[in-house]
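Data first, discussion second: the structure below is written as structure tokens.
Chain letters run A, B, ... following the sequence lines, proteins first, then strands; residues in each count from 1. The figures that follow rest on heavy atoms only: side chains count, while hydrogens, waters and symmetry mates do not.
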Amino acid sequence: MAHLPFHDEHAPLYSLGQVAEMLQVQQAYLRRLDQHDVVSPSRTTGGQRRYSQRDIMTVQHVTRMADQGMTLTAIRRILELERELAELRTELDTARARLAELE
DNA sequence: ATTCTCACA
DNA sequence: TGTGAGAA
């Protein structure tokens, strides 16, 4: 079931203005997230930001945390830890799968 | 018409 | 955090 190339969540599609519009946030805010390495979208050859659907989900997540009063540096750390947690969970799953084969 | 960076309040 | 100037 890989009808992929049409909605690839990592495809850099949306401009800064489009994302700001659909998320109802300021363009300057998105640029700051990039500055602080919280959400860093890819760039076109001309240097313009292009957000993927994934990037946009992350921005929403970040915005929820920021609304709760967290600083951008704190949020950057949290995202880092969340990625690490996700990675460890998949490793745990494969480890469990191997154990199951031994039974 | 849009987006970029940078500087300032 | 938001705004505006000036370049691209």
Side-chain angles (χ1 to χ4, degrees):
Chain A
M1 268 330 147
H3 42 138
L4 253 56
F6 291 105
H7 40 69
D8 179 2
E9 55 195 345
H10 288 93
L13 295 176
Y14 308 92
S15 74
L16 182 88
Q18 291 175 315
V19 176
E21 166 66 20
M22 51 192 279
L23 262 41
Q24 290 294 285
V25 298
Q26 289 234 254
Q27 303 191 351
Y29 169 69
L30 294 175
R31 295 198 176 100
R32 292 203 193 276
L33 294 187
D34 190 3
Q35 265 187 341
H36 291 71
D37 299 307
V38 175
V39 181
S40 306
S42 50
R43 301 280 187 133
T44 64
T45 326
Q48 299 196 346
R49 280 169 261 250
R50 283 295 123 90
Y51 293 81
S52 68
Q53 193 171 313
R54 254 283 180 274
D55 291 331
I56 294 175
M57 299 306 284
T58 312
V59 171
Q60 288 186 310
H61 186 207
V62 166
T63 304
R64 286 196 284 280
M65 294 192 280
D67 286 344
Q68 294 178 336
M70 273 176 261
T71 66
L72 290 187
T73 40
I75 293 173
R76 184 182 63 242
R77 183 69 176 127
I78 290 175
L79 291 183
E80 216 175 287
L81 291 171
E82 284 177 343
R83 289 184 203 109
E84 196 175 325
L85 178 60
E87 186 183 341
L88 287 171
R89 281 184 162 147
T90 66
E91 283 184 27
L92 179 59
D93 281 350
T94 68
R96 278 175 170 158
R98 289 186 195 180
L99 273 180
E101 288 176 25
L102 296 179
E103 313 227 341

Side chains of A:Thr90 and A:Asp93, donor plus acceptor under 3.5 Å: no

Step by step, work out the side chain to side chain contact (heavy atoms under 4.5 Å, CB included) result for A:Leu79 and A:Glu82. CA-CA 5 Å; A:Leu79 291 183; A:Glu82 284 177 343; 3.6 Å; yes

Give a yes or no on this: more than 12 heavy atoms of other residues, nucleotides or ligands lie within 6.0 Å of atom CD of A:Glu21.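 No.
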
Is it true that, when you exclude A:Met22 itself, more than 12 heavy atoms of the residues, nucleotides or ligands shown sit nearer than 6.0 Å to its CE? yes

When you look at A:Leu13 and A:Gln18, which way does the side chain to side chain contact (heavy atoms under 4.5 Å, CB included) test go after all the steps? CA-CA 10 Å; A:Leu13 295 176; A:Gln18 291 175 315; over 6 Å; no

Here's a test of your reading of the structure: between A:Ser15 and A:Gln35, which maps to the more 5' nucleotide of DNA chain B?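 That would be A:Ser15.
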
Cationic N near anionic O, under 4.0 Å, A:Arg77 to A:Glu80: yes

Any donor and acceptor pair, going by atom type alone, linking the side chain of A:Asp34 with main-chain N or O of A:Arg31 inside 3.5 Å?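 No: the side chain of A:Asp34 does not pair with the backbone of A:Arg31.
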
Shoot me the first and last contacting nucleotide of DNA chain B against chain A, ordered 5' to 3', at under 4.0 angstrom to non-hydrogen atoms.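 Nucleotide range in contact with chain A: B:dT3 to B:dT5.
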
Residues from residues 46-77 of chain A lying under 4.0 Å of DNA chain B - heavy atoms: A:Gly47, A:Gln48, A:Arg49

Let's see if you get this right: which residues in residues 17-32 of chain A place a heavy atom under 4.0 Å from DNA chain B?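 Of all residues in residues 17-32 of chain A, the ones placing a heavy atom under 4.0 Å from DNA chain B are A:Gly17, A:Gln27, A:Arg31.
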
Atom of A:Asp37, atom of A:Ser40 and distance for their closest heavy-atom approach: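 Shortest heavy-atom contact: CA-OG, 3.7 Å.
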
Are A:Arg43 and A:Arg50 close enough, and set up right, to give a side chain to side chain contact (heavy atoms under 4.5 Å, CB included), and what steps lead you there? CA-CA 6 Å; A:Arg43 301 280 187 133; A:Arg50 283 295 123 90; over 6 Å; no

Applying the side-chain contact (heavy atoms from CB on, under 4.5 Å) criterion to A:Val62, which one of A:Leu33, A:Val25, A:Asp67 satisfies it? A:Leu33

